[in-house]
Number of protein chains: 2
Amino acid sequence: MTKHHPELSLLFHALADPTRRSILTRLAETPARVSDLSAPTGLRLPTVMRHLSVLEEAGLIATSKDGRVRTCVIVPEALEPVRTWLDEQRAIWEGRLSRLDAFAMKTMKERAE
Amino acid sequence: MTKHHPELSLLFHALADPTRRSILTRLAETPARVSDLSAPTGLRLPTVMRHLSVLEEAGLIATSKDGRVRTCVIVPEALEPVRTWLDEQRAIWEGRLSRLDAFAMKTMKERAE
DNA sequence: ATGATAGTTAGCTTTATGACTAAGCATCAT
DNA sequence: ATGATGCTTAGTCATAAAGCTAACTATCAT
């Protein structure tokens, strides 16, 4: 199960950078042009471009160009695999804890005998 | 809001590697020794060690040494910040969508007049 | 047609990652 | 006390990440 999920690696990697997360939260407000994203971060345009391409390859944003302006929008569904993975893990981890609980109960019972 | 959250960066970065995710799922089953984690991955011990230290610095696992054996256990609560961040983002994004909806409604109304 | 504007590409630098080998240290079994 | 076991440290290597500058292209306004 979950042998190797390149999609997840891309997503987590994209989210691991604070600049990229701040770009995402900015885009969550409203779509923005590349320069709009450059100004507040204090980063140069090419740097922002690189971040954007990482985000786009992860599927977290989509961009389109109109004239000389590129507009970036967020892609909310892109976070689904992350959420799903988290839910799966939680299920497994809680399952494990239940088993440990069961084991502890059994052990205590045996001791009590 | 969410200026720079080093904790999140550590977590996301730790989760971005498939080997580390597989170590986590393995540890979700039951605690394991370092060699137990080395065998199935086919990776050398020092490599596994490095992965473990990344996971530990992110707070995702805890380790303890008894004699010459180090045992690794998962730390389920460690995923909470990730889940929280996801929830926050979802809230913001949905907020944004509602606003867009409102805008669209207004525009349609104006057109209808 | 000129100049400003918006983005893009190319190339460079520094630091971090992920893997390895080889050698070291600390225990445990005999 | 010796050797095997289990982990650790040190050092190497190749590649990727994150930033920059400089130069280039494409569009829009005048």
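Chain letters run A, B, ... following the sequence lines, proteins first, then strands; residues in each count from 1.
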In whole angstroms, how far is the P atom of dA10(C) from the CE atom of Met49(A)?
11 Å

Which pairs pass side-chain hydrogen bond (donor to acceptor under 3.5 Å, both in side chains) with one or both residues in residues 54-65 of chain B, sequence neighbours excluded?
Glu56(B)-Thr63(B), Thr63(B)-Arg70(B)

Intra- and interstrand pairs of DNA chain D - dot-bracket, Watson-Crick/G-U under 3.5 Å, | marks other strand
||||||||||||||||||||||||||||||

Sequence neighbours excluded, the answer for side chain to side chain contact (heavy atoms under 4.5 Å, CB included) partners of Leu86(A) is Leu79(B), Val82(B), Arg83(B), Leu86(B)

Return the CG to CZ distance between Leu45(B) and Arg50(B), rounded to the nearest 0.5 Å.
14.0 Å

Rounded interatomic separation in angstrom, taking CD1 from Ile23(A) and P from dA18(D):
11 Å

Near DNA chain D, which residues from residues 63-72 of chain B have a heavy atom under 4.0 Å away?
Lys65(B), Arg68(B), Val69(B), Arg70(B)

For atom CG of Leu15(A) and atom C1' of dA18(D), their distance in whole Å:
17 Å

Sequence neighbours left out, what passes side chain to side chain contact (heavy atoms under 4.5 Å, CB included) with Leu37(A)? Give chain and number order.
Ile23(A), Arg26(A), Leu27(A), Ala32(A), Val48(A), Leu52(A), Cys72(A)

Interatomic distance, Leu55(B) CG vs dT17(C) C1' [rounded to whole Å]:
14 Å

Residues in side chain to side chain contact (heavy atoms under 4.5 Å, CB included) with Ala62(B), at least two apart?
Val73(B), Val75(B)

Please name the pair of heavy atoms, one in Leu8(B) and one in Pro81(B), separated by the smallest distance, quoted to 0.1 Å.
CD2-O, 3.8 Å

Evaluation steps, side-chain contact (heavy atoms from CB on, under 4.5 Å), between Leu24(A) and Leu15(A)
CA-CA 9 Å; Leu24(A) 282 182; Leu15(A) 296 175; 3.6 Å; yes

Protein-nucleotide distance (Leu37(B), atom CG; dT8(D), atom P), rounded to Å
12 Å

Would you mind reading off the distance between Arg33(B) atom CZ and dT27(C) atom C1', rounded to a whole angstrom?
13 Å

Side chain to side chain donor-acceptor pair (under 3.5 Å) against Arg33(A), all qualifying residues, sequence neighbours excluded:
Asp36(A)

Among residues at least two apart in sequence or on other chains, which ones pass side chain to side chain contact (heavy atoms under 4.5 Å, CB included) with Ala16(A)?
Phe12(B), His13(B)

Nearest whole angstrom, please: distance from the P of dA17(D) to the CZ of Arg20(A).
8 Å

Can you pull every protein N or O that's under 3.5 Å from an N or O on nucleotides 19-24 of chain C?
from    : atom 1 : to       : atom 2 : distance (Å)
dA19(C) : OP2    : His51(B) : NE2    : 2.2
dC20(C) : OP2    : Arg44(B) : N      : 3.3
dC20(C) : OP2    : Thr47(B) : OG1    : 2.6
dT21(C) : OP2    : Arg44(B) : NE     : 3.3

Nearest 0.5 Å, what's the CG-NE2 distance between Leu11(B) and His5(B)?
9.0 Å

Quick one: side chain to side chain donor-acceptor pair (under 3.5 Å) partners of Ser9(A), sequence neighbours excluded?
Arg21(B)

